[in-house]
Amino acid sequence: MTFLWILVGLACLGLSAVVLGWLFRFPLVALTRGELRRAMRGAPLMASFGMLVILIYAAVALLAPVLAPYAEREVIGAQYLPWGEGHLLGTDNLGRDMLTRLIYGARNTVGIALATTALAFSIGALLGLWAAAVGGWVDTVLSRIVDALMAIPALIFSLLLLTIFGTSIINMILVIAAIDSTRVFRLSRSVAQGIVVMDYIEAARLRGETMWRLITREILPNAMAPLVAEFGLRFCFVFLMISSLSFLGLGIKPPTADWGSMVRENATLISYGDITPLLPAGAIALLTVAVNFVVDWQLHRASGLKD
Amino acid sequence: MSELWMMIGKRLLYGLLTLFIVSVIIFGASEMLPGDQAQALLGQSATPETLAALREQLGLNDPAPVRYWNWLAGAMSGDFGISTSNQRPIADLISGRLYNTMFLALYAATLAVPLSLVLGLLAALWRNSIFDRVANASALTSISFPEFFVAYILIVWLAQGGHFTSLARIRENTTFVQRLDMTFLPALTLTLVVTAHMMRMTRAAIINLMASPYIEMARLKGLSPLRVVLRHALPNALAPIITVVALNLAYLITGVVAVEVVFTYPGLGQLMVNSVADRDMPVVQAISLIFASAYVLLNLLADVLSTLSNPRLRHRR
């Protein structure tokens, strides 16, 4: 019987996502022009639902101090209060407002994940494009190093590195960015290898353009489309990794509000049948789903598949 | 035929080389630590004399290549050294947990592999139907879930309903059937996490093949769709499917870490997380080596198997 109810619930969730996606497509089409508008009109409902979710997260993250009823670290009552007046989603293990921490979590968790992904991309993409443009032994050495580093599973490698450098937010960002940049390197190198054999690169070389200009002005703009899609996928990966590390107590630490560690701190509630600790976990899942839907659509569009 | 064995031999050599490099990286990582193992074992208050004596005893004065060799030779024979946080031999800490982790991963694999292959086949067979769309959307959704979210949902739903236990209390006298029952929820969590990816890849591999002319021919001969998929498409889709199965089994190895913590399952992942928090370097190194070797070996296995399953690779000149 419970199983049936869960199925009905899931179907309702899916249906409301589709309806929201359908509704959100109207403002998307109305507010865009030209090429972008045509793309929006053909966007699958799940993709437009994804864009709506991403927009809401961005708004919540930016407006966190305005939206949150209390301050991030303010203790407002007894610990583990149930849902009610004044503390809509109850309080956590130290008596802080759950809703407030959820809202600030959007800022902290997503912000840190974005910064890490951006760092991983600037290292990985630049090195990858450089390796492809220079070629020769630089390319061989860099590729072999990356191959060796990629032979170790990412989570295991990051745990190993965190043992060495100690667990702190800065260390975690650097470690994950370093590990992830190897994956970005692989992709950007293989994309750039198709570009460096083009005639206009040859012409640019003969013109005597510097390596920096060659990479940033000639190669990068043409490698942008696959890199942008990869950015979305990498963001999901980094976001889940940071949340997992925080959940394991090795990432973002209290008192900073963060979704992964919120699940960890309040996990005891679950054994009493209270689902509040699932909310931050659900917030993580929803954003990753949304980004995945949008990336899936973009990849489909870029590959020109029309099935 | 001998060319084939040459090729497999080459892959094996390459795999061994990868294993060697991985072990060097894991060993080299500890060289970047300030202080050494003797300092970590004795603490800050140790006198210079006792430190020097312990260093001599542990062989820490040898040059790095010699220490690396001793560490690797020890690891091969099951001796990983001594934990710095509780001074016990690491082999004792690991042995039972290694079995538990392997058990959980295998359990999850036996659930996940048949399930995802069947779902992938059906999705390819009924392409663009409601079943295909729902399966695809839910696969994409469950890929995006953190493992601990899936685990807690299962706890709230199944454990609180009284169907299964959420704590795996494994003792010496636990029977095999009891063990299967106790570890059902962690295994199910891992299954849900890896099934989605395997299913999508199976579907993609088969759909790719369905567009080729010989399938068209088989269809025009009037064969049933099931026979076309099973007899004509599947054998040629084996290579990508084997690869994705092996990759996901390798993924299970890392996925196991968070799941073990949620269910307080006494496995390697849980020990590793605790050791990272204590900065117990020898233990982390030992477990990293085990996990990384399993990962490399599974990838190697996938490589060899997909070579064997592909006639074109088998008879290449």
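Reminder, nothing fancy here: chain letters follow the sequence lines and each chain counts from 1.
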Subject >> Contacting region of A:Leu248 [heavy-atom separation from chain B under 4.5 Å] >> reply: both
Original post:
Any chance OH of B:Tyr14 has more than 12 other-residue heavy atoms, nucleotides or ligands included, within less than 6.0 Å?
Top reply: no
Subject >> Ring-face cation of A:Arg234 near A:Phe231 (centre distance under 6.0 Å, axis angle within 45°) >> reply: no
Subject >> Between A:Ile275, A:Val263, A:Leu287, the one whose heavy-atom pairs under 4.5 Å with chain B are most numerous >> reply: A:Val263
**OP:** Please report the C-alpha distance between A:Lys253 and A:Asp258 in whole Å, then the side-chain angles of each, then the deciding distance to 0.1 Å, and finally whether the salt bridge (Lys or Arg N to Asp or Glu O under 4.0 Å) criterion is met.
**Re:** CA-CA 8 Å; A:Lys253 297 226 172 107; A:Asp258 157 70; over 6 Å; no
**OP:** Please flag which part of B:Val273 lies under 4.5 Å from any non-hydrogen atom of chain A: side chain, backbone, both or neither.
**Re:** both
Original post:
Of all of A:Leu278, A:Ile284, A:Thr167, which one pairs up most often with chain B through heavy atoms under 4.5 Å apart?
Top reply: A:Leu278
Original post:
Checking B:Ser288 against chain A: side chain, backbone, both or neither under 4.5 Å from a heavy atom?
Top reply: both
Original post:
Under 4.0 Å between a Lys/Arg side-chain N and an Asp/Glu carboxylate O for A:Arg183 and A:Asp180?
Top reply: no
Subject >> Max heavy-atom pair count under 4.5 Å with chain A, selected residue of B:Ile287, B:Ile21, B:Thr18, B:Val22 >> reply: B:Val22
Original post:
So which part of A:Leu240 gets closer than 4.5 Å to some heavy atom of chain B, the side chain, the backbone, both or neither?
Top reply: side chain
Original post:
Can you tell which of B:Leu19, B:Ile26, B:Val284, B:Val276 has the highest number of heavy-atom pairs within less than 4.5 Å of chain A?
Top reply: B:Val276
Original post:
Is it the backbone or the side chain of B:Asp280 that comes under 4.5 Å from a heavy atom of chain A, or both, or neither?
Top reply: backbone
Subject >> A:Leu159 versus chain B, the contacting section by heavy-atom distance below 4.5 Å >> reply: both
**OP:** Give the ring-plane orientation class for B:Phe145 versus B:Phe149, where under 30° counts as parallel, over 60° as perpendicular and anything between as tilted.
**Re:** perpendicular
**OP:** Sort A:Phe157 into side chain, backbone, both or neither according to what part of it lies under 4.5 angstrom from a heavy atom of chain B.
**Re:** side chain
Subject >> A:Gly50 versus A:Val294, closest heavy-atom pair with distance >> reply: C-CG2, 3.8 Å
Subject >> Interface moiety of B:Leu17 toward chain A, non-hydrogen atoms closer than 4.5 Å >> reply: neither
**OP:** Kindly check if the number of other-residue, nucleotide or ligand heavy atoms within 6.0 Å of CE (A:Met150) is above 12?
**Re:** yes
Original post:
Taking all atoms of both residues into account, what is the closest heavy-atom pair of B:Val296 and A:Ala151, and its distance?
Top reply: CG2-O, 3.7 Å
**OP:** Let me know if B:Tyr152 has heavy atoms under 4.5 Å from chain A in its side chain, its backbone, both or neither.
**Re:** both
Original post:
Would B:Asp303 and B:Arg11 satisfy salt bridge (Lys or Arg N to Asp or Glu O under 4.0 Å), going step by step from the backbone distance to the final call?
Top reply: CA-CA 8 Å; B:Asp303 224 16; B:Arg11 292 277 156 87; 3.5 Å; yes
